[in-house]
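First the structure, in the form of structure tokens, and then the observations on it.
Throughout, a chain's letter reflects where its sequence line sits, starting with A, and its residues are numbered from 1. Values in this document were obtained by computation on a predicted structure and should not be read as measured data.
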2 protein chains.
Amino acid sequence: MTATTVHEPTHREALWELEDAFERGDLITIFGRCTVEYDGRAASSLGLGRRLLLLKPDGTALVHTDEKQKPVNWQPPGSEHHAAVRDGRLRVRSVRTSPDETLDVHFETVEQLSAMAVSGRRDLSVTGSEADLRNALLDRPAVIESGFEPLATERPTDAGPIDLFGRDTDGRPVVVELKRRRVGPSAASQLQRYVAAIEREDGDDAAVRGILVAPSVTDRARRLLAEHGLEFVAVEPPSSTGDAGGSTTLDTELSQTDAVDDSAHDPAGDATGDDDGEPARTLSADEESH
Amino acid sequence: MTATTVHEPTHREALWELEDAFERGDLITIFGRCTVEYDGRAASSLGLGRRLLLLKPDGTALVHTDEKQKPVNWQPPGSEHHAAVRDGRLRVRSVRTSPDETLDVHFETVEQLSAMAVSGRRDLSVTGSEADLRNALLDRPAVIESGFEPLATERPTDAGPIDLFGRDTDGRPVVVELKRRRVGPSAASQLQRYVAAIEREDGDDAAVRGILVAPSVTDRARRLLAEHGLEFVAVEPPSSTGDAGGSTTLDTELSQTDAVDDSAHDPAGDATGDDDGEPARTLSADEESH
DNA sequence: CGTGCCAGGTGCCTT
DNA sequence: AAGGCACTTGGCACG
């Protein structure tokens with residue numbers, strides 16, 4: 001049996017089971033009436049109630065109620081779990097250092113205690129990240145702008161690494177900041193910092209352009225972009241469902257190593273057209289008043 | 001009994017128990033060998049392995065392994081849980097809309113299924129937040145600067161709400177941005193946006209000062225502050241280390257004013273605020289509400 | 001280990 | 001509902 005459970009144990013029985021489970025490196029769940037106190041980076045206290053305590057062999061401790069996704073209290077991995085019986089009651093204490101933090105769970109009653117041997121693949125691959133978006137744009141740089149030439153990704157600057165750096169058809173340096181979701185003012189500020197850093201470092205007389213690539217942008221961010229002469233290109237992240245008007249959709253089905261050249265495969269009906277103002281994809285922030 | 005558990009049920013038995021537990025609004029844990037697939041804002045797939053599935057009556061679904069604090073897969077509150085037996089195996093599906101997201105857990109074997117009736121106080125009071133820091137500073141504005149006069153908190157601007165707004169002894173407007181942790185460049189940008197907003201809105205000829213209040217600042221952020229003529233004041237956030245008692249003591253340490261640029265308005269000495277000659281006072285940011 | 005930044009961030013609150 | 005932001009953010013990658 002890979003899962004052992006005791007129902008309504010005495011506090012001392014629970015303690016024995018707990019220590020055995022710690023020994024085996026099991027994943028442990030304890031359900032019962034308890035109080036919770038946390039003290040460390042902040043401090044909190046939680047009155048008596050039925051909750052689920054989840055203890056992981058890596059030192060994680062999670063206190064869950066019947067609501068919300070986040071635990072009401074927790075302790076990060078690397079903490080040390082200790083169990084003891086004080087005043088006839090089970091106390092589970094999870095401690096870590098730097099910063100010093102302590103989580104105490106005092107059980108009034110233990111209704112159930114389970115110990116499970118957990119194993120299995122933990123390799124989870126998530127697609128749809130910003131890195132995926134970047135790769136898609138490297139495959140099709142024209143999505144950003146016709147003739148845009150990528151030169152570097154994660155180019156380091158004084159202000160931090162630039163998502164995508166390149167040149168436009170006029171040879172002007174272009175800083176591209178990628179966001180996979182609708183962006184607020186902070187992203188505009190971030191782009192502005194990068195542009196300023198490149199202007200300082202390269203010291204070129206050629207003005208540095210800054211382009212924010214995201215599905216959409218909030219009003220404040222749009223104004224902030226305009227203030228700094230930055231641009232915005234609407235691009236839906238890869239593998240996203242639905243299509244918002246005026247934005248380009250990237251499909252990353254090119255994961256096959258064979259580079260199927262589908263450059264002619266342009267789904268949008270709008271002309272790939274002349275380089276005079278084509279507002280469908282690239283819009284200058286100071287002209288698009290909405 | 002408030003917790004019912006079945007060990008190694010058949011998939012069909014597990015389904016019955018599950019549906020009963022859904023009906024009762026129980027907190028449910030399922031432990032077994034399973035695969036997990038998620039598709040929505042992103043997409044992921046997880047191969048066969050022993051994991052713990054936690055289903056909450058509010059629609060939350062969490063898949064936990066033996067490591068890490070965050071679940072390896074999840075579904076936020078408001079989702080709908082569905083259970084079914086397909087090909088003789090239990091499948092738990094959690095779905096939500098806007099955005100459309102689906103989480104599928106296919107069980108090869110169900111080793112344990114528990115249903116628990118959870119109730120209890122959920123009122124958690126956390127001290128040490130940014131709001132606490134702000135209250136402490138309202139009590140002792142001299143910590144920011146001798147003679148600083150707070151005028152408003154959360155003052156709205158075009159760039160968003162300002163944490164703390166006031167005037168210095170010369171009557172110049174001061175924008176204060178509070179952070180409870182060591183800050184990076186984004187906080188400096190945020191402060192800069194607020195200062196610019198106030199300068200636009202008030203249109204005063206009096207230059208607007210910006211002060212970042214935080215425990216410490218990274219190098220890049222420091223340089224960024226200097227660039228924009230912004231200032232930094234080191235203040236430790238209220239912490240409750242050393243006392244596990246009921247009332248949280250917030251001892252706000254007084255640190256030296258650290259004017260970043262040389263055009264410092266108030267260099268050296270008197271900003272240490274020793275003019276009020278008080279021993280470090282304990283500031284209660286939170287009335288004993290329970 | 002600190003620094004910086006993305007995240008399927010989550011949660012809270014205001015407009 | 002959308003926007004803006006704090007968070008015991010968590011987690012990762014890099015110097």
Side-chain angles (χ1 to χ4, degrees), chain A residues 38-44 60-61 67-77 79 96 98-103 124 126-134 154 156-163 177-187 190 193-194 216-221 237 239-240, chain B residues 38-44 60 67-78 96 98-103 124 126-134 154 156-163 177-187 190 193-194 216-222 237 239-240:
Chain A
Y38 157 76
D39 191 23
R41 287 171 288 179
S44 74
T60 303
E67 283 187 338
K68 296 298 160 59
Q69 174 174 347
K70 288 185 68 170
V72 64
N73 274 121
W74 68 91
Q75 198 68 283
S79 309
R96 77 154 172 166
S98 89
D100 284 348
E101 286 183 306
T102 304
L103 179 71
L124 176 72
V126 179
T127 62
S129 65
E130 184 182 282
D132 288 317
L133 174 58
R134 185 185 59 214
E154 304 296 326
T157 71
D158 269 357
I162 293 179
D163 283 344
E177 173 68 21
L178 306 177
K179 293 293 173 191
R180 59 181 309 287
R181 299 211 320 182
R182 180 176 177 84
V183 299
S186 65
Q190 193 178 2
R193 292 203 305 271
Y194 293 156
S216 63
V217 64
T218 68
D219 239 28
R220 274 183 186 164
S239 81
S240 88
Chain B
Y38 156 76
D39 191 25
R41 287 171 288 179
S44 74
T60 303
E67 280 186 334
K68 299 297 163 58
Q69 174 173 347
K70 289 185 67 170
V72 64
N73 273 121
W74 68 91
Q75 200 67 284
R96 77 154 171 166
S98 84
D100 283 348
E101 286 184 305
T102 303
L103 179 71
L124 176 73
V126 179
T127 62
S129 64
E130 184 181 283
D132 287 318
L133 175 58
R134 185 185 60 213
E154 305 294 330
T157 71
D158 270 357
I162 293 178
D163 284 344
E177 173 68 22
L178 305 177
K179 293 294 173 190
R180 62 182 306 286
R181 299 208 317 182
R182 179 176 176 86
V183 299
S186 64
Q190 193 179 0
R193 291 203 305 273
Y194 293 157
S216 64
V217 63
T218 67
D219 240 28
R220 277 182 184 161
R222 179 178 291 274
S239 98
S240 54

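Across the P atoms, C:dC12 and D:dG10 are found 16 Å apart, a figure rounded to whole Å. Spacing between C:dC5 and D:dT8 at atom P, rounded to whole Å, works out to 22 Å. C:dG8 sits 24 Å from D:dC14 when the C1' atoms are compared, rounded to a whole Å. Taking the C1' atom of each, D:dC5 and C:dA7 are spaced 16 Å apart, rounded to whole Å.
When distances run from any side-chain atom of A:Glu177 to the nucleotides D:dT8, C:dC6, D:dG4, the shortest one goes to C:dC6. When each of C:dT3, C:dG8, D:dC7 is scored by its nearest atom to the side-chain atoms of B:Thr218, the top-ranked nucleotide is C:dT3.
Following rounding to the nearest Å, B:Glu130 (CD) and D:dC7 (C1') show an atom-to-atom distance of 10 Å. Counting to the nearest Å, the C1' atom of C:dG8 and the NZ atom of A:Lys179 are 15 Å from each other. As rounded to whole Å, 16 Å separates atom C1' of D:dC5 from atom CD of A:Gln190. The CG atom of B:Leu178 sits 10 Å away from the P atom of D:dC7 (whole-angstrom rounding). As a whole-Å value, the separation of B:Arg182 CZ from C:dC5 P is 13 Å. Counting to the nearest Å, the P atom of C:dG11 and the CD atom of A:Glu67 are 10 Å from each other. Atom CG in B:Asn73 sits about 12 Å away from atom P in C:dT10, given to the nearest Å. Atom pair A:Asp39:CG and D:dT8:P shows a separation of 13 Å (rounding to whole Å applied).
Scanning for side chain to side chain contact (heavy atoms under 4.5 Å, CB included) contacts around A:Ser129 gives A:Ala131, A:Asp132, with sequence neighbours left out. Listed by chain and number, the residues in a salt bridge (charged side-chain N to carboxylate O under 4.0 Å, His left out) with A:Arg220 amount to none (sequence neighbours excluded). Applying the salt bridge (charged side-chain N to carboxylate O under 4.0 Å, His left out) rule to A:Glu177 yields the partners A:Lys179; only residues at least two apart in sequence or on another chain are considered. Listed by chain and residue number, A:Ala159, A:Ile162, A:Tyr194, A:Ala197, A:Ile198, A:Glu201 satisfy the side chain to side chain contact (heavy atoms under 4.5 Å, CB included) test with A:Thr157 (two or more places apart in sequence, or in another chain). Evaluation of the salt bridge (charged side-chain N to carboxylate O under 4.0 Å, His left out) rule for A:Glu130 yields no partner, not counting sequence neighbours.
Applying the 3.5 Å distance criterion, the base of C:dG4 shares no donor-acceptor pair with the side chain of A:Glu154.
Across all strands, A:Ala159 comes closer than 4.0 Å only to sugar-phosphate atoms, never to a base (heavy-atom distances). At the heavy-atom level, B:Ser129 lies under 4.0 Å from the strands shown only through sugar-phosphate atoms. Within the 4.0 angstrom heavy-atom criterion, no nucleotide atom of any strand lies near B:Asp219. Residue contacts for A:Glu101: at a heavy-atom cut-off of 4.0 Å it reaches a base atom on one of the strands shown.
For the pair A:Lys68 and B:Thr60, the minimum side-chain heavy-atom distance is 4.5 Å or more.
Where B:Tyr38 and A:Arg193 meet DNA chain C, the nucleotide closest to each residue was compared, and A:Arg193 sits on the side nearer the 5' end. DNA chain D is contacted by both A:Ser44 and B:Asp158; B:Asp158 maps to the nucleotide lying nearer its 5′ end (nearest heavy atom per residue).
Between B:Ser44 and A:Val126, the closest heavy-atom pair is CB-CG2, 3.8 Å.
Distances shown here put every side-chain N or O of A:Arg180 at or beyond 4.0 Å from the OP1 or OP2 atom of C:dG8. Remark: B:Tyr194 is in phosphate contact with D:dC5, judged by side-chain N or O atoms under 4.0 Å from OP1 or OP2.
A distance-only check finds a donor-acceptor pair linking the side chain of B:Arg180 to the backbone of B:Gly128 [under 3.5 Å].
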Letter per nucleotide, 5' to 3', of nucleotides 10-15 of chain D [B base touched, S only sugar-phosphate touched, - untouched; heavy atoms, 4.0 Å]:
SSS---

